[in-house]
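We use all heavy atoms of the structure for the numbers below, so side chains are in, but hydrogens, waters and symmetry mates are not.
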Amino acid sequence: MGATDSKLAFRKGVFRLFEERNVPTTADDYWTLFWTLPESIDDVYTLVGSSDIRRVRDTARENLETLIDKVQRKKGILHQMNQLIQSSSLQPIHLLNCCRVLTRIMPYIFESAETDDWEDRFFWTPRLVKKENTVSSMDVELIKCEKDSVDHKSSASFDTLPPRGEELISLTLKSLFLAGFTLPHAMGTENKVNYVIWETGVGSSTPIGSSRDNDMNRSEVLRLLIVLFSKSMYISPTHILSKKDKWIHHMVAKIEKKTVLAFLCSMLNTACKYNPMGWTVVPYNHIVFTDPKELLVALCLRALLIVVDYRSFDTKESMENAYRHYLSKLHRPQDFQFLIDGIYRILSNPMQTLNTYLPGSSKRVRCHIEMLMLCWKLLELNGRFRNYLMDTERALDLMVVLLYYASENKLDPCKLGLVRMCSFMLQTLSSDRKFSVKLNKPFEGHASLPNNIRIPNFQGSYADYLILTIFSLIASSKGTLSTLYPSMMITITNISCYLKNLSPVTSNKLLSLLSSVSSPGFLLADESNHNLVKYLLEALNNILQFQFSSNPHLIYAVIRNHQKIQKLADFNLDNATTELDRQYQAKESNRPSVDEQSAILPIEMDGERMSEKAKGKLPEGSISRTSSVSSGVSNVQTPTIASTLLPGTRSGFVPTEEWVHQWHSKLPLETMTVLIHTLLPKIEAISPYKSPLSANNEQVIDFLLSLDSAEMLPPAYPVTIRKFEWGEALVVWFKSMLWGHAYVTSLSHYGPWNNTQIKLFQIKHQQPESSTSTPHSTSPRPSFSRSRHSSN
């Protein structure tokens, strides 16, 4: 049969699925078409359309049941036949087609809420089969029955088989370790299924070798496994934590230990052993030749993350995730070194591709997001790994990589999730004392960074680089990262107790940041913005209290900005609304006020953001001190210009004097107030002009170095380290980001979820969708926005 004739016959077979009811299970000539006729994955996705699958599902579901049973049964037979794969070249393609057909149809079973009861009954109800001693249990005819009917059958006539879902997961896992298919032929001497680790690394020092065909087959099977776990994509964010996913639950709670360990180590080692730069020795070689290994690595990371991320929020059910358990038990230093080197190799790849003399000559991998997620999970689950990382210089390298990804993607709405993850990981690192101490090391490798994250004329430590980059992220992101401001501020606060010798530029930027977050327009814009002032004040206090003698430039910056700090101490609602009125009037007359000029945060006024022209005029000048007005009855009740244009009022938040007093009275201002009161007259005395702004820097620095903080500062405030903590909203965010990225990246490799009814996140196409029957790279590339975002 020619290629055209086989495609036509296969297409007719698909039509028969929904045109004829109750196709006989004995029609073997018909059912075998589904694994014998397709010659490639393109045939399956092109000839089995989404509308075809939905029609079968909705109008001839019995045929869909039979098809699944037949394909699943064929997979089991191929696993049990001795040396069959070695003796026939047709068998691998048959097993591949079985995987492809199931990969194609399962998302359409998951997408329909009307099929939930049927799915639960069909896939997760134990089955009864007639006892036949001469025939394998895979060859008997399955009797479809309800679960409660099992007790009414005679145990002498029937056997109970596990649910189809359990068997399908088991067969798929076996396919990952099948000799002659995903393992070399030599691995099948005794059993065709051999649970060995694919690559050397964690848990294995003996290479088994693999061919290009082995890698491609592994990718196909892993794609099916991931699809089986993708039920979450069709559940809304509000219900995803309350609904049990039986597919993943079986994988993490009911799989044998040897299978769990073989799968876990194979996924880890395949991902961390990959070297994207190793095979592209010739420049631009990656443009001419494709690397199937990269797809395999991405799928390994994705499959591993799905099972490691799974957790049950059902308090009535005690469930231990085997993959999280064994990942947390890793302890050998050589394993940690292997993981750290592999993770950094992938994460640093985009930076390395930018630092070449021939632009675009090196391959840039696209699995860095999954690798970041894996690194985060390792930091979360394995304390030994975290301690080992902090003892090495890779902790600082990881920080630079995180800042690179955050800076590169800060203005891309589609990459906000990546920036969010980088911010949370920085907060996680900052809560470790060893990391904070390491930040004082001089950043000697700054000159080798890509231009987009290099700071002009930079001379300083890793701490300087971290703070200046966070300042840049806040100042240049145009408000797109406003939900991440708390996490960024907390990162600075967590490391503040250990910071030494901050540069003059860093010190001035910290005070400039304090001026911005304490401006009236920003403080009154949202009821939680005052927390940013609190975090930054804590950071400054910690540096002054614990590292006073090592930070004269910061002390000098505080003295130079004494008017701003005093203004914050005198803050009340009356003054704030008056100041906003003044700013509005100055803006109307095209004369920006000093306060408006000094702000770096994109605060909304009069329904518009500050213009680019105004941003270009931002100096670092001090704010003139305004007189304090006693707090009486709040003027916010009066319909002034400022009160009617506050950003918070449009979102339902109306600031009151009581609200201001509640948080303002708790601001830790005493340390800096005492410092200014003590040192300002002394520094003014050094200058002939009686102003700290005109004092000679060297004279002032020498004077400050001679001081003892114990003689002038009040007792230190309690130090609070705010670790990153997972909440339900953040769990949903991470899950939606994981699946959303899986959806987007799969479109270039026959996206199995394309054109299905996704509920976990929203699909926004960048261009009108063209009419095409091919669901892969010809489809428009969409961006995705999650239906639910985390709250900081």
Side-chain angles (χ1 to χ4, degrees), residues 169-170 173 176-177 194-208 222 225 229 245 248-274 297 300-314 317-347 370-392 394-395 398 425 428-429 431-435 723-726 731 734-735 738:
I169 292 175
S170 177
L173 288 174
L176 289 173
F177 302 94
N194 193 351
Y195 292 103
V196 296
I197 300 174
W198 290 351
E199 299 281 356
T200 57
V202 178
S204 175
S205 58
T206 305
I208 64 171
L222 280 174
L225 189 65
F229 296 155
D245 191 325
I248 307 181
H249 181 85
H250 176 77
M251 180 71 175
V252 303
K254 298 182 179 181
I255 299 296
E256 293 182 357
K257 178 180 177 179
K258 66 175 183 179
T259 308
V260 170
L261 293 176
F263 180 84
L264 175 64
C265 295
S266 295
M267 301 300 107
L268 275 177
N269 295 352
T270 302
C272 293
K273 190 111 178 173
Y274 178 55
V297 168
C300 286
L301 286 169
R302 198 167 299 147
L304 180 59
L305 285 167
I306 290 169
V307 295
V308 169
D309 181 59
Y310 182 76
R311 63 187 81 185
S312 176
F313 283 84
D314 187 358
E317 179 184 18
S318 59
M319 184 275 297
E320 183 178 36
N321 186 324
Y323 299 91
R324 294 172 70 92
H325 172 76
Y326 289 117
L327 201 60
S328 69
K329 295 301 181 182
L330 295 178
H331 63 279
R332 297 194 307 171
Q334 58 266 36
D335 290 342
F336 292 152
Q337 190 62 49
F338 169 77
L339 292 173
I340 291 173
D341 290 343
I343 290 171
Y344 184 73
R345 187 184 304 117
I346 298 298
L347 295 183
E370 289 92 345
M371 190 61 85
L372 266 180
M373 291 179 172
L374 176 62
C375 182
W376 195 8
K377 288 298 178 183
L378 283 168
L379 290 172
E380 172 196 352
L381 297 174
N382 197 310
R384 299 183 188 92
F385 173 82
R386 184 169 58 251
N387 292 333
Y388 186 88
L389 176 65
M390 297 307 168
D391 289 336
T392 67
R394 284 300 187 203
L398 177 60
M425 289 183 69
T428 301
L429 294 176
S431 62
D432 192 286
R433 180 185 178 277
K434 293 180 181 179
F435 173 78
K723 297 182 178 181
F724 177 83
E725 296 181 357
W726 288 97
V731 172
F734 186 87
K735 191 180 295 290
L738 174 59

Check the surroundings of atom NE2 in His325: do more than 12 heavy atoms from other residues, nucleotides or ligands lie under 6.0 Å from it? yes
Closest heavy-atom pair and its distance - Val252, Tyr310: CG2-CD2, 3.7 Å
d(Tyr323 OH, Ile306 CD1) to nearest 0.5 Å is 12.0 Å
Testing Leu305, Leu268, Leu374, Thr270 for side chain to side chain contact (heavy atoms under 4.5 Å, CB included) with Cys300, which one passes? Thr270
Taking the side chain as every heavy atom from C-beta outward, state whether Leu398 and Cys375 have any pair of such atoms under 4.5 Å apart. yes
Please examine the side chains of Glu256 and Tyr195, heavy atoms only from C-beta on, and report whether any two atoms are closer than 4.5 Å. no
Look only at the side chain of Ser204 and the backbone of Gly201, and say whether a donor-acceptor pair between them is shorter than 3.5 Å. no
Spacing of Asp245 atom CG and Lys735 atom NZ [to the nearest 0.5 Å]: 8.0 Å
Distance in Å, Leu381 CG paired with Ser328 OG, rounded so as to fall on 0.5 Å steps: 6.5 Å
Does any N or O in the side chain of Asn321 come within less than 3.5 Å of the main-chain N or O of Val307, such that one atom is a donor and the other an acceptor? yes
side-chain contact (heavy atoms from CB on, under 4.5 Å) involving Ile340 - partner list, sequence neighbours excluded: Phe385, Tyr388, Leu389, Arg394
Run the side-chain contact (heavy atoms from CB on, under 4.5 Å) test against Arg345 and tell me which residues pass, sequence neighbours left out. Asn275, Pro276, Asp341
Taking Trp376 for its side chain and Thr428 for its backbone only, find out whether a donor-acceptor pair lies under 3.5 Å. no
For residues Phe734 and Trp726, determine if any side-chain heavy atom of one lies less than 4.5 Å from a side-chain heavy atom of the other. yes
Sub-4.5 Å side-chain heavy-atom contact between Phe336 and Thr392: no
I'd like to check Leu327 versus Leu304 (side-chain heavy atoms, cut-off strictly below 4.5 Å). Are they in contact? no
Would Met267 and Leu222 satisfy side chain to side chain contact (heavy atoms under 4.5 Å, CB included), going step by step from the backbone distance to the final call? CA-CA 10 Å; Met267 301 300 107; Leu222 280 174; 4.0 Å; yes
To the nearest 0.5 Å, atom CD1 of Ile255 lies from atom OG of Ser170 at 6.5 Å
On a heavy-atom basis, which atom in Phe435 and which in Leu429 lie closest, and how many Å separate them? CD2-O, 3.3 Å
Can you confirm whether Leu301 sits close enough to Met371 that some side-chain heavy atom of one is under 4.5 Å from a side-chain heavy atom of the other? yes
What distance do Met425 atom CE and Met373 atom CE have between them, rounded to the nearest 0.5 Å? 10.5 Å
Testing Ile197, Val196, Leu176 for side chain to side chain contact (heavy atoms under 4.5 Å, CB included) with Ser266, which one passes? Ile197
Under a 4.5 Å cut-off applied to non-hydrogen side-chain atoms, are Leu173 and Met251 in contact? yes
Partner of Glu380 under salt bridge (charged side-chain N to carboxylate O under 4.0 Å, His left out), chosen from Arg311, Lys723, Arg386: Arg311
To the nearest 0.5 angstrom, please state how far the CZ atom of Arg324 sits from the NZ atom of Lys377. 5.5 Å
Taking Leu330's backbone N and O only, do any of them form a donor-acceptor pair with Asn382's side chain (distance below 3.5 Å, no angle check)? yes
Cation-pi check, Lys257 onto Tyr326 ring (under 6.0 Å, within 45° of axis): no
Any chance CD of Glu725 has more than 12 other-residue heavy atoms, nucleotides or ligands included, within less than 6.0 Å? no
Check Asn269 against Phe338 and note the closest heavy-atom contact, atom names and distance. OD1-CE2, 3.5 Å
